[in-house]
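In what follows, every heavy atom counts, from backbone to side chain, and hydrogens, waters and symmetry copies are set aside.
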Amino acid sequence: MARAKPHMDTPRAIWLVNNASSGSNDQQAQAALEQCCASNGFHVAHRTVFPDQDLPTAGILGAAGIDTVAVFAGDGTVNALIAALAGWDGAVLILAGGTMNLLYHRLHGTRSLEEVVAIAAKGQAKRHRPGVIRSRQGVTYAGILAGPGASWGDVREAMRDQAVIELAQSAAKAIQETLGGEMICCSDPALGRREGYPLINLTPTDAGIEIDAYSSENARDYLGQAWALLKLDFRSGPHERLGVLPRVVLASTQGSAFGLLIDGEQVECGAEEEFTLAQAEVDLLATA
């Protein structure tokens, strides 16, 4: 049975999930978000602070009469929440509360957080199940970085934590691994250079998986790429678009395991990994 729409003068109850360690999640930002919600007709009836508290399930949300979950966190927390709510008949509102916020921009474009909350509170956001990437490592909603260059995730974590010593150490390690590490190639279908690349970026879209390869052939290119990485904007570095496909296999050129950053979370895979386009299993609210 469809849920009855609340009267426009009645605050609409939502469940808010946030991660206090995410990039834009200090107490001041959280207070501003709650005020923004209240000003636009959303009432934060329940809150989960992840990972200290368990994420809400479809059953818990149903019992609480909640049909919208807002998540104010980074791509990693968003990934975990969407996975926990697979099959739920409500909708998830992604808000920019992390370091990269790639999925937020995919759903809302350049709109500010305040604009997104206002549109969603008025019931004007569209429900959408965007394309995602599936692999043995899980589902990806924002993007995947593959290769020795994925060690730049350590740099990002150190920057997020403002850990100066760790930042210097992880940056040195990332530079060494990217310049001297094993290369990654698109093996099936065969795309780009046979000798591979230090870093390959996979981005899910509704049309297919965008495959972008990053090289470090000379100092100028590498410094440009490093600057992009340190700015936390991997996609602005010098790269080559290899294609937009429903499926791709990435492989190490020397048969060794390589690293992945899946929605900003580091994992290790084998010497070869298959990635396929799929569809999200819960509705996300989009305003773009």
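Taking each heavy atom of E114 and C36 in turn, the nearest pair found is CA-SG, 3.9 Å. For the pair P204 and T140, the tightest heavy-atom approach, listed with the atom from each and the gap, is CG-O, 4.0 Å. Across all non-hydrogen atoms, the minimal contact from I14 to C37 is CD1-SG, 4.3 Å. Listed here is the closest heavy atom pair of A45 and I66: CB-CD1, 4.5 Å. Residues G90 and V282 approach most closely at O-CG2, 4.1 Å, considering heavy atoms. Residues G109 and A288 approach most closely at N-CB, 3.7 Å, considering heavy atoms.
Note that CD of E265 is 13.5 Å distant from CD of Q137, once rounded to the nearest 0.5 Å. Distance check, rounded to the nearest 0.5 Å: OG of S135 to CD1 of I262 gives 4.5 Å. With rounding to the nearest 0.5 Å, the separation of CD in E274 from SG in C269 is 12.5 Å. A distance of 12.0 Å separates OG1 of T68 from CG of L16, quoted to the nearest 0.5 Å. Rounding to the nearest 0.5 angstrom, the gap separating the CD1 atom in I94 from the CG atom in N101 is 10.0 Å. Taken from CG in D67 to CG in L61, the straight-line distance is 9.5 Å, to the nearest 0.5 Å.
Under the 4.5 Å side-chain contact rule for hydrophobic residues, L55 and V132 share a cluster. Both L85 and L95 belong to a common hydrophobic cluster when Ile, Leu, Val, Met, Phe, Trp and Tyr are linked at side-chain heavy-atom distances under 4.5 angstrom. Linking Ile, Leu, Val, Met, Phe, Trp and Tyr whenever their side-chain heavy atoms come within less than 4.5 Å leaves I209 and V249 in two separate clusters. I119 and F42 end up in different hydrophobic clusters when Ile, Leu, Val, Met, Phe, Trp and Tyr side chains are linked at under 4.5 Å. Hydrophobic clustering (ILVMFWY, side-chain heavy atoms < 4.5 Å, transitive): V244 and I200 are in distinct clusters.
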Evaluation steps, side-chain contact (heavy atoms from CB on, under 4.5 Å), between Y141 and D75:
CA-CA 8 Å; Y141 301 90; D75 291 317; over 6 Å; no

Given side-chain contact (heavy atoms from CB on, under 4.5 Å), test V49 with N18 step by step and report yes or no.
CA-CA 5 Å; V49 180; N18 75 282; 3.8 Å; yes

Give the intermediate values and the outcome of side-chain contact (heavy atoms from CB on, under 4.5 Å) for residues V116 and L107.
CA-CA 10 Å; V116 170; L107 295 169; over 6 Å; no

Please test L245 against F275 for side-chain contact (heavy atoms from CB on, under 4.5 Å), starting from the C-alpha separation and ending with a verdict.
CA-CA 10 Å; L245 301 172; F275 304 92; over 6 Å; no

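Counted by atom type alone, T48 and W15 present one or more donor-acceptor pairs between their side chains at under 3.5 Å. E240 and Y214 are not linked by any side-chain donor-acceptor pair at a separation below 3.5 angstrom, with hydrogens and angles left out of the test.
Formation of a donor-acceptor pair under 3.5 Å by the Q53 side chain with backbone atoms of F50 is not found in this model. In this structure, S39 contributes its side chain and Q35 its backbone to a donor-acceptor pair below 3.5 Å. Panel note: side chain D263, backbone A142; a donor-acceptor pair is recorded below 3.5 Å. Under the 3.5 Å distance criterion, the side-chain polar atoms of E195 are left unmatched by any main-chain donor or acceptor of M183. A donor-acceptor pair under 3.5 Å is formed between the side chain of Y104 and the backbone N or O of L113.
In this structure E281 satisfies the salt bridge (Lys or Arg N to Asp or Glu O under 4.0 Å) test together with R134, sequence neighbours excluded.
By the 4.5 Å heavy-atom criterion applied to side chains, V248 and L202 are counted as neighbours. For the pair V139/I133, no side-chain contact is recorded, criterion being any heavy-atom separation below 4.5 Å from C-beta on. Counting only heavy atoms from C-beta outward, the side chains of D206 and R106 approach each other to under 4.5 Å. Side-chain contact between R194 and T253 is absent, with no heavy-atom pair separated by less than 4.5 Å. A heavy-atom distance below 4.5 Å is not found between the side chains of V71 and L93. Side-chain contact check for V69 versus L81: some heavy-atom pair is nearer than 4.5 Å. Annotation: side chain of L199 is not in contact with side chain of I184 (no heavy-atom distance under 4.5 Å). Looking only at side-chain heavy atoms (C-beta outward), H128 and D283 stay at 4.5 Å or farther from each other.
Taking the ring centre of Y197 as origin, the terminal cationic atom of R193 falls inside the region bounded by 6.0 Å and 45° from the ring axis.
At most 12 non-hydrogen atoms from other residues, nucleotides or ligands lie less than 6.0 angstrom from CD of Q28.
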